[in-house]
There are 2 protein chains.
Amino acid sequence: MSVSGVNGTGQRRPTMKEVAARAGVALKTVSRVVNEEPNVSPELTAKVQAAIKELNYTPNESARMLRRGRTGTIAVVIRDIGDPFFASLGRAVELWARSSGSVVMIGLTDEDPERERDVCLEFVARRPDALIMAPIGETQEYLAPHVDAGMAVVTIDRPAHGIEADAVLADNAGGIDQAIDHLVRQGHRRIAYLGDDERIFTARERVVAYRAAMARHRIEVDEDLVHLSEPTTEGIGITLSAVLDRPDPATALLSANNMTTAEVLRGLAGRRDRVALVSFDDLQLGDLLSPGLTAVAQSADVMARTAIQLMTERLPEPHRPGRTVRVPVKLTIRGSGEIPPPS
Amino acid sequence: MSVSGVNGTGQRRPTMKEVAARAGVALKTVSRVVNEEPNVSPELTAKVQAAIKELNYTPNESARMLRRGRTGTIAVVIRDIGDPFFASLGRAVELWARSSGSVVMIGLTDEDPERERDVCLEFVARRPDALIMAPIGETQEYLAPHVDAGMAVVTIDRPAHGIEADAVLADNAGGIDQAIDHLVRQGHRRIAYLGDDERIFTARERVVAYRAAMARHRIEVDEDLVHLSEPTTEGIGITLSAVLDRPDPATALLSANNMTTAEVLRGLAGRRDRVALVSFDDLQLGDLLSPGLTAVAQSADVMARTAIQLMTERLPEPHRPGRTVRVPVKLTIRGSGEIPPPS
DNA sequence: CTGTTAGCGCCTTCAT
DNA sequence: ATGAAGGCGCTAACAG
C-alpha cells in the first residue's frame, strides 16, 4: 500500500539537502526546481524531480516562512463557526486562500474579549499576512505592532478600535428601518424589540435605529417592550412572557439577530399568541417554517467577498488609511411579519 | 491611541536579539523568560520583561517551529464549514487547541477528492502535529510520509485508506435499523430511500443497511424507490415526483443525510402529499418545523470529542495501529415520522 | 544562574 | 546555468 516505509518507525522527513545529495546537485538547484525558478536545465530538473519522488520530499513551510518573511497564512477570528453568517465568511476566505496558495487559521471568541485577545496573540505569533475578524473587545490596540509591521486587518460586522483597519459593516439602520416600516404598514404600533447584549456593536446600532424609526413614525417607545440580553432559551422565554403576558401585549416582535430569532421561535412554539415577527438576520431554513420567516437578510457572501477585496487591496499597501464599506440588507417577506394586529 | 509608532510606516518587528541588547542580557536569557524556563533571577526577568514591553516584542513562531520541530498546529479538513456536523467538529477542535496552546488550520474539500489532496498537501507542508479529516478520496496514501514522520491522523465520519489512522464513525447501520423499524411499526412498507452519492462512505453503509433492514422485515425493496444522488434542489424535486407521483406511491421517506433532508422538506412544501419522513441526521431547527422532524441524530459533539481523545492518545505514540470507534446514534421522534400510511 | 555556540531547513546574494 | 556561503529568529546542548 504505502509508497514509503509502510508506516514504519519514526522516519525523519527528508530535507532539501538530502534531495540534493541524492540528485547529485547543489542545494540551490533543488530550491530552484521546487520553486519553479527559471534557468535550470531540463536534465537537472528531471534528476531533482526523481529524487524528490523517491524520497517523498515535501518542502518545510516553516523554514520557508522564516526565510522569506511572508507566511501565506490568513487568520480568521470570529464568534462561532456554527453561525451561518460566519460560516459563509469562513467558506469565502478559505476559497480565496486556496486559490492564492494560502492557508486559513480559524479562532473562535464566543464573544469573549479576553478570548479574542488570546486567540489573536496566538495567531500573530504566526505572522499571518492578514487578519480578518469580527471584533468584540473594546480595543484591538494590542495588534498595533503587527499592523505597523504590515499585517492587513479587515473587520467584518463590526469596526476595530485603536488600529488602522478596513471594515465591512451591514446597513443596520437601514434594515431596522425596513423592518419597522413594514410592521407599521401592517398596522402595528406595539412593536417589541428583542436584541442582543449592547456590548456588541451591531446590537447598539440596531437598537438606536429602532428608536429612531419608531420616532419617525411618531410612536412612543414603551421601554418595557425593549429587551437587550444574551439570547438563551430561558432568557428569551422570560422576555416573551414579559412582552406578551400583559394587559396591552406587543402585537409584533422585532428580533434583532439570528440567535435571538431561533429562541423566539422556540418560545412562541410553546405559546398560542398570534404575534407578528420580523427578524434581523435570516435563518438557514427560514423558508421551511410555517409561517415562513420574514427577515432582514444580510448577504454574508457579499460581505465576505467585500472583506476579501479590501484585504487584497490592503496587502500591498498596508499603511493606507482604513476604509469602511456598508453593505445593504434586504427584507424578505415570507409570512411571519405579515400577521396583522388583533383588531 | 496606539501604543507603538501610531501605525507609522513599515516597522520591522523586533527580534529576541534586540530585546537582549535592550535589556543588557544574553539572547538565551530572553528565550528563558519568554518560555518561562526556571533559573532566571527575578531582576533579569524584570529587565527582560520591561524590554519586551517597550519594544512590543512578540516571539516569531515560525522560527520556534523550525527549531523545535513541533508546530502546535492542528489541521482540519472537512467538506464544508456550514454543515452543522462539521461546524461542531471545528468548534470542538478549536476549543481543545486553545486549551493546549495550539492553532487550527481549516481546509474545505466540498467532497472533491482532488481538492482534498491539494488542501492536505498544502497543510502537511506546514507540518501540523495532527490532521483531523473526513476523507472523500479513495486513498490518503499521499499522507504516508508524514504519518511515518509522526503526524497523527484521525478521521471522522469516514475511514482513511492507505495510511495508519484512527477513525470515529457513526453507527450508520444501527441508525438506519432504528429508522426502518420505526416506520414499519407505523405500518409503512413502501419506504423510499433517498441517499447521497455512493462515493461517500456513509452513503454506502447506509444504503446497505437499508436493504438489510427491509429484508429483516421481509419487505422486498422496490428499486424505483431507491435514489442515490447529490442533493440538489432540482434533483430532489425530480426524485420526489418519481417516488410519489405513481400508482403505488411511497408512503414514507427515509432521507439519509441532512442536506438531502433539507431539500426533501423544500420539495414537500410545494406538494400536498402526506408522507412520513425520517431523516438520518438532524437539522438545526428540526424542532421548529411542523410537523417536527423525526430524525436519527448523530452526536457531533461526542464524535468530535472522541476524535480529539484518539488524537491526544496517538500524539505521543504516532506509530501505534489505527483504532476505529463507532458512536451510537439516537432516534428523536417529533412528528414527521409518525404520519401513518393512508388506510 | 547565565552565556556561548551551533544549526533547524530554506532562500538570498553573490560568485563562477 | 549552477553552486557556496550566509543568515532568517529561535532553542538545544553545552559550557562557565
Side-chain angles (χ1 to χ4, degrees), chain A residues 11-49 51-52 55-73 101 124-127 129 145-146 149-150, chain B residues 11-49 51-52 55-73 101 124-127 129 145-146 149-150:
Chain A
Q11 285 171 270
R12 260 187 56 271
R13 274 176 264 236
T15 80
M16 203 171 250
K17 196 169 157 190
E18 296 171 54
V19 174
R22 182 97 151 125
V25 300
L27 187 62
K28 178 64 211 183
T29 303
V30 180
S31 173
R32 286 202 177 93
V33 172
V34 168
N35 293 294
E36 298 179 336
E37 287 173 36
N39 298 341
V40 182
S41 70
E43 301 92 77
L44 285 196
T45 304
K47 268 200 216 171
V48 169
Q49 279 165 343
I52 287 175
L55 296 175
N56 271 317
Y57 168 77
T58 51
N60 182 327
E61 204 57 39
S62 293
R64 202 183 236 160
M65 293 184 300
L66 178 57
R67 189 63 251 233
R68 300 223 276 218
R70 279 193 45 267
T71 59
T73 304
V124 294
R126 265 121 161 139
R127 307 289 189 258
D129 301 331
H146 300 93
Chain B
Q11 284 171 270
R12 261 188 53 271
R13 275 177 265 236
T15 82
M16 202 172 252
K17 196 169 156 188
E18 295 170 56
V19 174
R22 182 98 150 126
V25 299
L27 188 60
K28 178 65 206 183
T29 302
V30 179
S31 172
R32 287 203 175 92
V33 172
V34 168
N35 292 295
E36 298 179 337
E37 286 174 36
N39 297 339
V40 182
S41 71
E43 301 92 77
L44 284 198
T45 304
K47 266 200 218 171
V48 169
Q49 278 165 344
I52 287 175
L55 295 176
N56 271 318
Y57 169 77
T58 52
N60 182 327
E61 204 58 38
S62 293
R64 201 183 239 161
M65 293 185 299
L66 178 58
R67 186 65 252 232
R68 301 220 278 216
R70 280 192 44 264
T71 59
T73 304
V124 294
R126 259 100 171 159
R127 307 290 189 258
D129 301 331
H146 300 94

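It should be emphasised that the depicted structure is a prediction, and the values quoted were computed from it without experimental measurement.
- Atom-to-atom, CG of B:N39 to P of D:dA15 comes out at 18 Å; the value is rounded to the nearest Å.
- Straight-line distance from the NZ atom of A:K28 to the C1' atom of C:dG9: 13 Å, rounded to whole Å.
- With 3.5 Å as the limit, one finds a donor-acceptor pair spanning the side chains of B:T73 and A:R126.
- Among the protein residues, A:L27 comes within range of the nucleic acid bases, having at least one heavy atom under 4.0 Å from a base atom.
- Summarising the geometry, the separation between CE on B:M16 and C1' on D:dG7 is reported as 17 Å, rounded to the nearest angstrom.
- Computed from coordinates, the A:R68 CZ to C:dG9 C1' distance equals 13 Å when rounded to whole Å.
- The side chain of A:N60 contributes no N or O atom lying less than 4.0 Å from OP1 or OP2 of C:dG9.
- At D:dG3, one or more side-chain N or O atoms of A:T29 fall inside 4.0 Å of OP1 or OP2 (strictly under the cut-off).
- Considering only side-chain N and O atoms, B:S62 lies nowhere under 4.0 angstrom from the phosphate OP1 or OP2 of D:dC8.
- In this model, a donor atom of one side chain and an acceptor atom of the other lie less than 3.5 Å apart for B:R64 and B:N35.
- Checking each of B:V25, B:V19, B:V48 against B:V33 for a side-chain contact (heavy atoms from CB on, under 4.5 Å) leaves exactly one that passes, namely B:V48.
- Nucleic acid contact class of B:P59 (heavy atoms, under 4.0 Å, all strands): sugar-phosphate only.
- Of the residues near DNA chain C, A:P14 and A:R32, the one whose nearest nucleotide (by heavy atom distance) lies more toward the 5' end is A:P14.
- Of the candidate nucleotides D:dG9, C:dT4, D:dT11, D:dT11 has the atom nearest to the side chain of B:N35.
- In this structure, CE on B:M65 lies 3.5 Å from CE on A:M65, to the nearest 0.5 angstrom.
- In terms of polar N and O atoms assigned as donor or acceptor, the side chain of B:R13 never comes within less than 3.5 Å of the base of D:dG9 in a complementary pairing.
- With contacts defined as side-chain heavy-atom distances shorter than 4.5 Å, the pair B:N60/B:T15 does not qualify.
- Put simply, CD1 on A:I52 is 10 Å from P on C:dC10, counting in whole angstrom units.
- When heavy atoms are screened at a 4.0 angstrom cut-off, B:V34 is found touching no nucleic acid atom at all.
- The distance between atom OH of A:Y57 and atom C1' of C:dC10, rounded to the nearest whole Å, is 7 Å.
- Side chain of A:S31, nearest nucleotide from C:dG9, D:dC10, C:dC11: C:dC11.
- In this structure, CG of A:L66 is placed 9 Å from C1' of D:dG7, rounded to the nearest angstrom.
- Listed nucleotides: D:dC10, D:dA12, C:dC10. Nearest to the side chain of A:R67: C:dC10.
- Atom NZ of A:K17 and atom P of C:dC10 are 11 Å apart (whole Å).
- With hydrogens and angles ignored, no donor-acceptor pair under 3.5 angstrom links the side chain of B:R127 to the base of C:dG9.
- B:E18 has no carboxylate O lying under 4.0 Å from a charged side-chain N of B:R13, or vice versa, which leaves the two without a salt bridge.
- The pair A:R68-A:E61 fails the salt-bridge criterion, with no side-chain N (NZ, NE, NH1 or NH2) lying under 4.0 Å from an Asp/Glu carboxylate O.
- Listed pair B:S41 / C:dC1 fails the phosphate criterion, with no side-chain N or O lying under 4.0 Å from OP1 or OP2.
- Rounded to 10°, the helix from C:dC1-D:dG16 to C:dT16-D:dA1 has 40° between the axis fitted to its first five pairs and the one fitted to its last five.
- Checking D:dT2, C:dT2, C:dG9 against every side-chain atom of A:L44, the shortest atom distance belongs to D:dT2.
- Between the side chains of A:R127 and B:T58, a donor-acceptor pair is found at a separation under 3.5 Å.
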